[in-house]
Trainee: 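Sharing a structure below in structure tokens format, with a few things to ask.
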Amino acid sequence: MLLLLAAALTFHSDFEGGALARIERVGDTHYRCAVPGQSDQDDRNRQASWYYFRVDGAAGRTITLDLVNLLGEYNYRAGTHAITEKTRPFISTDQRTWTHLPESAVQWVAAEPALRLTIEAKANKLWIAHQVPYTNVHIAALAKEFAKHPALRTETIGKSVEQRPLYLWTIHDPPAAPQPRPASSQAPTAQPRRPAVWLMFRQHSWESSSSVVGESLVRWLLGNSPQAQAARRDFIWKIFPAADPDGLAHGGVRFNRNGYDLNRNWDHVLPGKMPEIAAQQRALYSWLDSGNTVDLFLSLHNTESGEYLEGPAVPLGERWFALLKNGATFHPSRPAYTVMPSTTTEGKPGRMTVAQGLWHERKIPAFLMEQRVEFNAKLGRYPVTEDRFRFGAELAQSIVKLLSEPR
Ligand SMILES: [Zn+2]
């Protein structure tokens, strides 16, 4: 008698950004997949919002995967979980094209809690992730594509805990070559001061959708439209494409390799523990100390449900919020611009975000923007790559408009 045995499914996360903890087999086609999560330097604030793995051997079968071990805490509040009944995983059969799992494939098991995925597998290799992955290879590919663009300059401002380079990109047209002066002319008039915009991405490594926005913004700025040409002539753009390259490599969540949250600690920078913050702060302050200005700073983030703009109590913030709300796909979950508190945790050092720290120490108009990954009613769907791309161009244009208006 020939006995046909279904081969066991196998699970893999040994690629850049991959993240999966313990696997438990419940049945031939039913597995429990623990989300690894990450905790801080004091083993607090565990967040389990990143999973990215491959399942092999599922073709032709209906498989059930329970994403478990979701509970954690946020700003010392226990019992929170970033993965909820309203989050929808992405799936791919080639690691390039990603779609959301359909509603019918996702079930919330509240008692545990767990997110149960029921997948009719059409291919032998399935990649599953919380968001469309965007890792160091994508950033390197973008830099390579535009390496010869005259307006893009790349520098390395330091190294991460694991010695990965920390990049700072500058987008600005190089100054025109000096023209020979006719004998009668006066000394050349001074160049007008160009407003400088500083942008920071991936302080938290799980927030891959923010990088898609960043890539789109860079592509728009380096593009051929008359608006983009004016934007790189009239403004200086300084971009940190990856604040935590180690996290992008390892599939981290929100802490560097020493456990420090790179969007806290801006009031308590320990260069040996958080070389990323030290290098970014040094780049910003040496820019200021050389007589330049930072006219706007933004750190872009993702959350599950919230979408908002937060910053100091300045009219610039109110005006920017209105531009984004009325002229872009930004769909705020808070009715108005949010004035940030001075810290995230009163009375405790090491709890200022980058925006709080830069405003506190140097009065830089520094903002934090969150964009949701859950259903966006303005888009009429769960945001996909195309939506993030659209917003990147909108974001660049909103900044140009904001800083071009009389202040
Ligand atoms: Zn974040």
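Counting convention: from 1, in listed order, for ligands and their atoms alike. For this chain, numbers begin at 1 and follow the sequence in order. No experiment lies behind these values; they were computed from the predicted model shown.
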Trainee: Sub-3.5 Å donor-acceptor pair from the side chain of Gln356 to the main-chain atoms of Thr353, do we have one?
Mentor: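 Yes; at least one donor-acceptor contact below 3.5 Å.
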Trainee: Would Glu207 count as a contact for the Zn ion (ligand 1), in the sense that one of its N, O or S atoms lies under 2.8 Å from it?
Mentor: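 So Glu207 does bind the Zn ion (ligand 1) by this criterion.
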Trainee: Determine the sole option in Asp40, Asn263, Asp261 for which the side chain to side chain donor-acceptor pair (under 3.5 Å) test with Arg254 is passed.
Mentor: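 Testing each of Asp40, Asn263, Asp261 against Arg254, the sole residue satisfying side chain to side chain donor-acceptor pair (under 3.5 Å) is Asp261.
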Trainee: Which one of Gln95, Glu16, His130 satisfies the side chain to side chain donor-acceptor pair (under 3.5 Å) criterion with Tyr52?
Mentor: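 For Tyr52, the side chain to side chain donor-acceptor pair (under 3.5 Å) check succeeds only for Gln95.
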Trainee: Return the name of the atom in His204, of element N, O or S, nearest to the Zn ion (ligand 1).
Mentor: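 That would be atom ND1.
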Trainee: State the atom name: nearest N, O or S atom of His301 to the Zn ion (ligand 1).
Mentor: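 Result: ND1.
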Trainee: Say whether, by atom type as modelled, one donor and one acceptor occur between the side chain of Asn136 and the main chain of Pro245 under 3.5 angstrom.
Mentor: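 The answer is yes, because a donor-acceptor pair under 3.5 Å joins these two groups.
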